[in-house]
Q: 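Right, I'll just put the structure down here and ask away after.
Note that this is a predicted model, so its numbers are computed, not measured.
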Amino acid sequence: MTIVALCSAKNSPGVTTAALAMTWSWRGANLLVEADPAGGSVMAGYLEGRMPTDCGLLELAQAALNGDDLHAITWAQMIDLEGGGRQRLLLPGLSSPVQSGTVQPVWTRIGEHLRQLSEFTTDDAGAKPNVIIDCGRLTSVNVPWPLLASADVVLLAVSATLPGVNAAFPVVKTLRDQLQTANGPSLAVILIGHEAAAYPARDIARQLGVPVLVELPYDPASARALSFGGRKLMLRKPLFAAAARAQDTITAHTPRRRARQISAVPTLGGTR
C-alpha cells in the first residue's frame with residue numbers, strides 16, 4: 001500500500017480537506033493520520049466534536065516515550081469514520097500546538113511505525129491500508145520531518161494563485177534539502193482549487209521544478225462539508241471525483257523503495 005504525506009506553505013491552506021477527500025474516496029482501506037504540529041482539526045471540524053477525545057497521536061507518542069509496543073495499542077488510538085468495517089480510519093491529531101513538544105522526540109519512531117502499519121491487515125480479508133499523513137504547514141514548530149521522510153510520496157499543497165505559488169518556492173527548496181536522499185520519497189505538488197486561480201498546472205510545475213501530480217477543483221460545498229461536517233458527503237462531487245482519480249496517479253508515482261521487504265506484523269484486531 002501507499003504512504004502519502006501532505007504539507008503546505010504558509011499561504012496554501014487545504015491540506016486537511018484534501019487528505020480527508022482522499023481518505024473517503026480512495027479504494028480499499030485508508031488511514032488518515034493527523035500529524036500537524038499546530039494541532040488536528042478533524043475532531044472539532046468534520047466530526048463536530050461527536051467522537052471521543054481520549055485517543056490519537058498524543059497517546060501513541062506517550063507510549064513511544066515509555067518504550068511500549070506501539071503495535072499493541074495502535075488500534076485503540078483510531079476512530080472508524082464509517083462506524084464499522086475499518087475502511088476509513090482516523091488517528092486524531094494533537095489538541096494544542098503545545099503538545100508538539102511532547103511528540104517531537106518520537107517522530108522518528110512513529111514514522112517507522114507508520115511504515116510497518118501500512119503492512120498491517122485491517123480486516124479478515126487481508127486489506128492493507130493506504131496511510132495518508134496530514135503534516136500541516138511547514139512554518140509550524142516541531143515539523144514532523146521523520147514522518148515526511150517515511151512516506152512514498154510527499155505532496156506539497158499549492159493554490160493556483162500568485163501568493164500560493166510565491167510561498168511554495170522556499171518550501172520546495174527546504175523539502176529537497178531535507179528529503180531528497182537516495183532512498184527518500186518522491187516530491188510533487190497537489191494543486192488546490194481556488195476561486196481566484198490564475199495559473200495552469202503546467203506553468204506551476206515549470207516554475208517550481210516539481211511535477212503537479214494531483215489537481216483538486218474548486219468545490220466549496222464539498223470543502224465546507226469536510227471542514228465543518230453537518231452534511232452528507234456527496235462522493236460524486238468534483239472534489240471527491242478528482243481525489244479518487246489521484247489514487248492511481250500517486251500509486252504509479254510511488255518510488256521503488258516501497259518494494260523493499262518489511263517484516264511481517266500481526267493482524268490488527270479488536271473493535272473500538
Side-chain angles (χ1 to χ4, degrees), residues 4-26 30 32-47 81 90 92-93 97 130 132-140 143-144 147-148 151 153-172 174-175 187-201 203-205 207-208 210-231 233-235 237-247 249-250:
V4 181
L6 292 89
C7 59
S8 71
K10 62 180 182 179
N11 289 326
S12 302
V15 170
T16 301
T17 298
L20 262 174
M22 291 178 181
T23 303
W24 275 108
S25 63
W26 281 16
N30 302 305
L32 171 57
V33 178
E34 279 196 292
D36 186 345
S41 60
V42 175
M43 296 287 280
Y46 172 68
L47 291 176
L81 294 174
L90 169 70
N130 298 297
I132 301 165
I133 311 174
D134 175 359
C135 294
R137 299 186 181 189
L138 297 187
T139 53
S140 300
V143 172
L147 268 60
L148 288 155
V153 178
V154 171
L155 296 177
L156 174 64
V158 177
S159 63
T161 61
L162 180 57
V165 175
N166 187 61
F169 278 104
V171 176
V172 167
T174 299
L175 285 167
L187 175 60
V189 164
I190 176 170
L191 197 59
I192 305 296
H194 194 283
E195 185 178 19
Y199 295 99
D203 291 344
I204 292 174
Q207 291 180 37
L208 296 179
V210 176
V212 174
L213 208 58
V214 181
E215 294 184 62
L216 298 184
Y218 180 63
D219 182 358
S222 296
R224 280 195 301 271
L226 290 171
S227 298
F228 304 110
R231 298 186 180 188
L233 298 181
M234 304 294 289
L235 299 183
K237 289 288 188 178
L239 175 60
F240 294 103
R245 291 193 298 271
Q247 183 175 9
T249 303
I250 291 172

Q: Applying side-chain contact (heavy atoms from CB on, under 4.5 Å) between Cys7 and each of Ile190, Val154, Val15, report the one that passes.
A: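 The single option meeting the side-chain contact (heavy atoms from CB on, under 4.5 Å) with Cys7 is Val154.
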Q: Could you please spell out the steps behind the side chain to side chain contact (heavy atoms under 4.5 Å, CB included) verdict for Val33 and Asp134?
A: CA-CA 6 Å; Val33 178; Asp134 175 359; over 6 Å; no
Q: Please give me the minimum heavy-atom distance between Glu34 and Pro92, naming the atom from each residue.
A: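 Glu34 and Pro92 have their closest heavy atoms at OE1-CA, 3.8 Å.
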Q: Could you work out, with side-chain hydrogen bond (donor to acceptor under 3.5 Å, both in side chains) as the rule, every residue matching Asp203, not counting sequence neighbours?
A: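 Per chain and number, Asp203 pairs via side-chain hydrogen bond (donor to acceptor under 3.5 Å, both in side chains) with Arg206.
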Q: I need the Thr161 OG1 to Asn166 CG distance, nearest 0.5 Å.
A: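 So the gap between those two atoms works out to 9.5 Å.
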Q: What pair of heavy atoms forms the shortest contact from Ser41 to Thr16, and how long is it?
A: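 Of all heavy-atom pairs spanning Ser41 and Thr16, the closest is OG-CG2, 3.6 Å.
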Q: Taking atom OG of Ser8 and atom CG of Leu155, what is their separation to the nearest 0.5 Å?
A: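 Reported to 0.5 Å precision, the distance equals 12.0 Å.
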Q: Taking the side chain as everything from C-beta on, heavy atoms only, tell me whether Trp26 gets closer than 4.5 Å to Val4.
A: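 Touching, per the 4.5 Å side-chain cut-off.
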Q: For the side chain of Gln207 and the backbone of Val165, is there at least one donor-acceptor N/O pair under 3.5 Å apart?
A: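 Side chain of Gln207 to backbone of Val165: no pair is present.
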Q: Provide the closest heavy-atom pair for Leu216 versus Ala242 in the form atom of the first, atom of the second, distance.
A: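 Closest approach of Leu216 to Ala242: CD2-CB, 4.0 Å.
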Q: Only counting residues at least two apart or in another chain, list the ones meeting side-chain hydrogen bond (donor to acceptor under 3.5 Å, both in side chains) with Thr23.
A: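 Thr23 satisfies side-chain hydrogen bond (donor to acceptor under 3.5 Å, both in side chains) with no other residue.
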Q: State, yes or no, whether a side-chain contact exists between Asn130 and Gln247 at a heavy-atom distance under 4.5 Å.
A: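 Contact flag for Asn130/Gln247 side chains = yes.
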Q: Heavy-atom count around Phe228 CZ within 6.0 Å, excluding the residue itself: above 12?
A: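 Open.
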Q: Can you sort out the partners of Ala221 under side chain to side chain contact (heavy atoms under 4.5 Å, CB included), two or more places apart, ordered by chain and number?
A: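 Ala221 satisfies side chain to side chain contact (heavy atoms under 4.5 Å, CB included) with Asp219, Arg224, Arg231 once adjacent residues are dropped.
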Q: Kindly indicate whether the side chain of Val189, heavy atoms from C-beta on, has any atom under 4.5 Å from the side chain of Leu208.
A: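 In short, these two side chains touch, coming nearer than 4.5 Å.
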Q: Look at the side chain of Trp24 and the backbone N and O of Leu233, then say whether any donor-acceptor pair between them is shorter than 3.5 Å.
A: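 Not at all, since once roles are kept as given, no pair shorter than 3.5 Å links the two residues.
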Q: Hey, are the side chains of Leu6 and Cys135 touching, using non-hydrogen atoms and a 4.5 Å cut-off?
A: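 No, side chains not in contact.
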Q: Would you indicate whether the side-chain heavy atoms of Glu215 and Thr249 approach each other to under 4.5 Å?
A: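 No; the side chains remain at least 4.5 Å from each other.
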Q: Heavy atoms, side chains only, cut-off 4.5 Å: are Ser140 and Pro97 in contact?
A: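 The answer is no, as the side chains (C-beta and beyond) never meet within the 4.5 Å cut-off.
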Q: Phe240 and Ser25: which non-hydrogen atoms are nearest, and at how many Å?
A: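 Nearest pair, atom of Phe240 first, then Ser25: O-CB, 3.6 Å.
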Q: Kindly write out the residues that satisfy side chain to side chain contact (heavy atoms under 4.5 Å, CB included) with Ala160, not counting sequence neighbours, or none if the list is empty.
A: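 For Ala160, the residues satisfying side chain to side chain contact (heavy atoms under 4.5 Å, CB included) (neighbours in sequence not counted) are Leu191, Ala197, Ile204.
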Q: So which heavy atom on Gly14 is nearest to which on Ile192, and how close?
A: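 Scanning both residues completely, I find the closest heavy atoms to be O-CD1, 4.2 Å.
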Q: Would you say that Tyr46 contacts Ser227 through its side chain, given a criterion of any heavy-atom pair below 4.5 Å between the two side chains?
A: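 No, their side chains stay 4.5 Å or more apart.
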Q: My understanding is that only residues two or more places apart in sequence, or in another chain, count here; which of them pass side chain to side chain contact (heavy atoms under 4.5 Å, CB included) with Ala246?
A: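 So Ala246 forms a side chain to side chain contact (heavy atoms under 4.5 Å, CB included) with Val214, Ile250.
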Q: Identify, with sequence neighbours excluded, every residue that meets side chain to side chain contact (heavy atoms under 4.5 Å, CB included) alongside Val143.
A: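 With neighbours one apart ignored, the set is Leu138, Trp145, Leu148.
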Q: Can you check side chain to side chain contact (heavy atoms under 4.5 Å, CB included) on Ile133 and Leu32, steps first, answer last?
A: CA-CA 6 Å; Ile133 311 174; Leu32 171 57; over 6 Å; no
Q: Can you give me the closest heavy-atom contact between Ala167 and Pro170, atom names plus distance?
A: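 Minimum heavy-atom contact is O-CD, 3.5 Å.
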Q: For the residue pair Tyr218 and Leu239, establish whether any side-chain heavy-atom pair is separated by less than 4.5 Å.
A: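 Answer no - side chains too far apart.
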